[in-house]
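Residue numbers count from 1 along this sequence.
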Amino acid sequence: MKYIMCSVILLIDQMSKYQIRAHMSYGESIPLIGDVIRVTYIKNTGGAFGLLSENAPMLKVITIVLLAALIVVYGVIRKRLGKFEQYSLLMILSGGVGNLIDRLISGFVTDFIDVWKWPVFNIADISITVGCFLLLVHVIRGGNGRKTEYER
């Protein structure tokens with residue numbers, strides 16, 4: 001089930017970005033709910049919030065190294081993790097891979113979800129953010145990385 005979730009996240013992310021690139025002009029913005037929620041086609045050459053946009057090649061290398069490290073760590077420790085932690089890490093990984101695909105193929109990440117005054121983002125960004133948030137909540141609530149009786 002975990003790997004199906006990863007595949008679905010990647011598929012929705014890549015299909016939505018493809019649709020935006022195929023049917024919108026760069027910079028075009030379509031209101032969905034007034035000025036609060038819009039679909040706006042942006043090319044992000046940087047990382048989160050456009051960081052490192054002036055050094056895109058370095059960002060690609062950093063992304064590849066971090067994702068490779070996450071894959072190795074996940075592979076080594078996954079049997080000691082509960083399902084909640086595994087799903088959280090896989091959401092982060094799925095989003096990271098989705099954005100890396102864009103960087104490697106296009107040289108930029110396609111962003112299009114424009115909510116009020118927040119930076120424009122995409123499905124992969126949502127996956128990364130939700131995965132990080134869930135993991136953080138789990139740790140704050142005392143998650144210790146051990147499987148419970150329920151998860152064994």
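Pairs of residues two or more places apart, or lying in two chains, that qualify as salt bridge (Lys or Arg N to Asp or Glu O under 4.0 Å) and include a residue from residues 6-15 are D13-K17. The list of salt bridge (Lys or Arg N to Asp or Glu O under 4.0 Å) pairs with a residue in residues 21-34, not counting sequence neighbours, is empty. Within the structure, salt bridge (Lys or Arg N to Asp or Glu O under 4.0 Å) pairs that include any residue of residues 121-141 do not occur (at least two apart or interchain).
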*Evaluate side chain to side chain contact (heavy atoms under 4.5 Å, CB included) for W118 paired with I113, printing each intermediate quantity in order.*
CA-CA 9 Å; W118 200 255; I113 302 170; over 6 Å; no
*Decide yes or no on side chain to side chain contact (heavy atoms under 4.5 Å, CB included) for I128 and N99, but give the supporting numbers first.*
CA-CA 10 Å; I128 293 166; N99 282 340; 4.1 Å; yes
*Run the side chain to side chain contact (heavy atoms under 4.5 Å, CB included) check on Q14 and I123 step by step: do they pass?*
CA-CA 9 Å; Q14 291 300 301; I123 303 298; over 6 Å; no
_Pair F112-Y41, side chain to side chain contact (heavy atoms under 4.5 Å, CB included): steps then yes or no_ = CA-CA 5 Å; F112 60 92; Y41 178 19; 5.5 Å; no
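Between F84 and H138, the ring planes lie tilted relative to each other; the angle falls in the 30° to 60° range.
Taking CG of L100 as the reference point, atom CD1 of I62 lies at 12.5 Å (rounded to 0.5 Å). Here T110 contributes atom OG1 and I105 contributes atom CD1; the two are 10.5 Å apart, rounded to the nearest 0.5 Å. Rounding to the nearest 0.5 Å places CD1 of I20 at 11.5 Å from OG of S25. Remark: N122 CG to D102 CG distance equals 7.0 Å, nearest 0.5 Å. Considering CG of L93 and CG of L70, their distance stands at 5.0 Å, rounded to 0.5 Å.
Using a 4.5 Å cut-off between side-chain heavy atoms of Ile, Leu, Val, Met, Phe, Trp and Tyr, V65 falls into a hydrophobic cluster with V61.
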Please tabulate, one pair per line, all N/O donor-acceptor pairs under 3.5 Å involving side-chain atoms of residues 1-11, not counting sequence neighbours.
from	atom 1	to	atom 2	distance (Å)
K2	NZ	Q86	OE1	2.5
S7	OG	Y3	O	3.0

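V120 and F108 fall into different hydrophobic clusters, defined by Ile, Leu, Val, Met, Phe, Trp and Tyr side-chain heavy atoms under 4.5 Å apart, directly or through other members. There is no path of hydrophobic side-chain contacts, each under 4.5 Å, that joins V139 to Y74. A continuous path of hydrophobic side-chain contacts links L90 to I71 [ILVMFWY only; heavy atoms under 4.5 Å]. Following chains of ILVMFWY side-chain contacts shorter than 4.5 Å, one cannot reach I101 starting from Y18, and the two form parts of different hydrophobic clusters. In terms of hydrophobic clustering, with Ile, Leu, Val, Met, Phe, Trp and Tyr side chains grouped at heavy-atom distances under 4.5 Å, V109 and Y26 are assigned to different clusters.
Annotation: side-chain contact (heavy atoms from CB on, under 4.5 Å) contacts of V130 (sequence neighbours excluded): M91, I126, L134. In this structure D111 satisfies the salt bridge (Lys or Arg N to Asp or Glu O under 4.0 Å) test with no other residue, sequence neighbours excluded. The side-chain contact (heavy atoms from CB on, under 4.5 Å) check on I77 picks up V73, R80, L81, with sequence neighbours excluded. Applying the side-chain contact (heavy atoms from CB on, under 4.5 Å) rule to T40 yields the partners S29, R38, I42, D114; only residues at least two apart in sequence or on another chain are considered. Partners of F133 under the side-chain contact (heavy atoms from CB on, under 4.5 Å) rule, at least two apart in sequence or in another chain, are V137.
Each of V72, I92, V97 was checked for a side chain to side chain contact (heavy atoms under 4.5 Å, CB included) with L67, and the lone residue meeting it is V97.
Between G95 and A124 the shortest heavy-atom distance is O-CB, 3.2 Å.
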